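Just so you know, residue 1 is the first one in the sequence shown, and it goes up from there. Everything numeric in this text was worked out from a predicted model, so none of it was measured. First listed ligand is number 1; within each ligand, the first listed atom is number 1.
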Amino acid sequence: MNTYKTIVAFSLLTLYALPVTGAVPINLVKNGSFELGNIGFTSDYVPSIYDGGYVITTDPSIFNGNFDSVADHTTGAGNMFSVNGHATAEKTVWESQNIHVLANTTYTFEVWAMNVCCKPSAAFPDPASTNPASLRFDIVIGSEITTLGNMDTNLNAGIWDSFSTNWLSGTSTDITLRITDTNTEIFGNDFAIDDIRFLAPVPEPETYAMFLLGLGLLGFMSAYRKGKVN
Ligand SMILES: [Ca+2]
Ligand SMILES: [Ca+2]
């Protein structure tokens with residue numbers, strides 16, 4: 001009976017634990033947290049403190065003295081992608097490496113962004129009135145561009161906001177993700193991006209297999225107990 005109880009308890013624990021351990025999605029974006037530095041993406045922006053410039057930093061105020069001193073989203077002490085908005089329209093802020101996707105599969109895109117303008121100063125007496133960036137999130141498949149959505153950064157500096165949406169791959173097999181700032185103001189329009197994720201679905205067949213194995217164990221032990229008692 002003790003063995004029976006132990007196995008039933010183990011099976012139940014397996015059933016409860018699997019949805020948790022099996023539910024960790026895989027991020028297909030290389031260096032989406034920017035913790036590896038200036039790698040894994042392309043950009044029309046250049047390393048610079050001026051308009052149309054970016055830097056990977058733990059604190060945007062080091063990059064540009066007018067920017068607010070704010071922490072990254074990943075850990076509060078890591079890197080973020082800090083940007084001084086471009087004056088020319090349709091410049092790519094960030095574009096992922098090629099991402100291979102499975103056909104007819106739903107993926108989840110997530111990104112965090114914040115306004116980093118500005119420290120109160122003579123130039124920016126009321127930072128909350130400065131222009132927030134207007135970000136557009138696209139999926140690029142060859143020459144075809146599909147917009148996933150748009151997000152303005154918060155009017156106030158230092159507040160991380162997120163954008164998240166699902167995308168069905170259809171017949172697509174290879175994509176890139178692209179972020180563009182549609183605001184071309186140079187006054188304000190300074191922002192940071194962090195934790196860009198393109199999440200593959202959880203591998204469900206394995207979870208179901210373990211679920212059925214657990215049920216099988218329960219059934220077997222139930223039959224075993226019945227036989228022993230009678
Ligand atoms: Ca980060
Ligand atoms: Ca600016």
| query | Do you see an N/O/S atom of N79, backbone or side chain, under 3.0 Å from the Ca ion (ligand 1)? | reply | yes

| field | Gap between atom NZ of K119 and atom CG of N64 - 0.5 Å precision | value | 9.0 Å

| task | Give me the one residue out of N189, D190, I49, V55 that meets side chain to side chain contact (heavy atoms under 4.5 Å, CB included) with N84. | result | D190

| What N/O/S atom of D190 is the closest to the Ca ion (ligand 2)? | OD1

| task | Using 3.0 Å as a strict upper limit, say whether an N, O or S atom of N131 approaches the Ca ion (ligand 2) that closely. | result | no

| query | For the residue pair F137 and F109, does the interplanar ring angle fall in the parallel (under 30°), tilted (30 to 60°) or perpendicular (over 60°) class? | reply | tilted

| field | Atom name in D72, limited to N/O/S, at shortest distance from the Ca ion (ligand 1) | value | OD2

| query | Closest to the Ca ion (ligand 1), which N/O/S atom of E35 is it? | reply | OE2

| Angle in degrees, rounded to 10°, that OD1 of D194 and OG1 of T74 form at the Ca ion (ligand 1) | 90°

| field | Metal proximity, G188 vs the Ca ion (ligand 2), N/O/S cut-off 3.0 Å | value | yes

| task | May I ask you to check whether E95 and T42 show a side-chain donor-acceptor distance below 3.5 Å? | result | no

| task | Among F63, Y45, Y54, find the one that has a ring pair (Phe, Tyr, Trp, His ring centres under 6.0 Å) with F81. | result | Y54

| said: When you measure from the Ca ion (ligand 1) to the N, O or S atoms of S33, does any of those distances fall below 3.0 Å? | reply: yes

| query | Going through the checks in order, is the salt bridge (Lys or Arg N to Asp or Glu O under 4.0 Å) test met by E90 and R178? | reply | CA-CA 11 Å; E90 291 303 315; R178 182 182 290 170; over 6 Å; no

| query | N/O/S of D51 less than 3.0 Å from the Ca ion (ligand 2)? | reply | no

| request: Please find out if the Ca ion (ligand 2) and some N, O or S atom of G85 are separated by less than 3.0 Å. | output: no

| field | L199, CG atom: more than 12 neighbouring heavy atoms under 6.0 Å | value | yes

